[in-house]
Novice: 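I'd like to ask some things about the structure below.
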Amino acid sequence: MGEFNWAIASPWIVGVIGLAGMWLTAKIQHKGRPENALIDQLQEEMTSMRGDIAALKTEQNKARRREMIRDNYINRLRDHINAGNPPPPPEWPEGLYE
């Protein structure tokens, strides 16, 4: 058999070490990708939900305003009836269905 020939083996050893280094570098770089994708997805969902919440708050404020207008009209109508006033009832409130 003879002596080990480093001149022939050296390029192969360097090549294997180089490939192992490339593989390890790629593995490290791709390690965070699934987590980053999940974070990006969650951030998009949060942005969408913020828009939904803003729309719901706007609708809630409109509903509160309508409720206040109705309550005020109910009180005016009850006062009209309790005062013994004849028909017609007080005018329908403006802005109820805007």
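These numbers come from the heavy atoms of this one structure, side chains and all, not from hydrogens, waters or symmetry mates.
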Novice: Is Leu38 isolated, or which residues cluster with it under the ILVMFWY side-chain rule of less than 4.5 Å, directly or via members?
Specialist: Leu42

Novice: Carefully, step by step, assess Glu59 and Lys62 under the rule side-chain contact (heavy atoms from CB on, under 4.5 Å).
Specialist: CA-CA 5 Å; Glu59 189 58 37; Lys62 288 179 183 179; 4.1 Å; yes

Novice: Going by the rule side chain to side chain contact (heavy atoms under 4.5 Å, CB included), which residues pair with Asp79 if we only count those two or more places apart in sequence or in a different chain?
Specialist: none

Novice: Would Ile69 and Leu77 show up in the same hydrophobic cluster when neighbours are defined by side-chain heavy atoms closer than 4.5 Å?
Specialist: yes

Novice: How close do Arg65 and Gly95 get, counting heavy atoms only, and between which atoms?
Specialist: NH1-O, 3.0 Å

Novice: Do you know which two heavy atoms are closest between Pro89 and Tyr73, and how far apart they sit?
Specialist: CB-OH, 4.2 Å

Novice: Return the set of residues passing salt bridge (Lys or Arg N to Asp or Glu O under 4.0 Å) with Glu91 (not counting sequence neighbours), or none when no residue passes.
Specialist: none

Novice: With rounding to the nearest 0.5 Å, note down the distance linking CD1 in Ile53 to OG1 in Thr58.
Specialist: 12.0 Å

Novice: With no hydrogens and no angle check, is any side-chain donor or acceptor of His80 less than 3.5 Å from a backbone partner on Asn75?
Specialist: no

Novice: Should Met68 and Trp92 be regarded as members of a common hydrophobic cluster, given that ILVMFWY residues are connected when their side-chain heavy atoms come within less than 4.5 Å of each other, either directly or indirectly?
Specialist: no

Novice: About how many Å separate CD of Glu44 and CD of Gln41, when rounded to the nearest 0.5 Å?
Specialist: 7.5 Å

Novice: With a 6.0 Å cut-off (strictly less than), is the heavy-atom count around CD of Glu67, excluding the residue itself, greater than 12?
Specialist: no

Novice: For the atom pair NZ (Lys57) and CG (Asp52), what is the distance rounded to the nearest 0.5 Å?
Specialist: 12.5 Å

Novice: Might you work through the side-chain contact (heavy atoms from CB on, under 4.5 Å) test for Gln60 and Leu56, ending with a clear yes or no?
Specialist: CA-CA 6 Å; Gln60 182 182 34; Leu56 288 171; over 6 Å; no

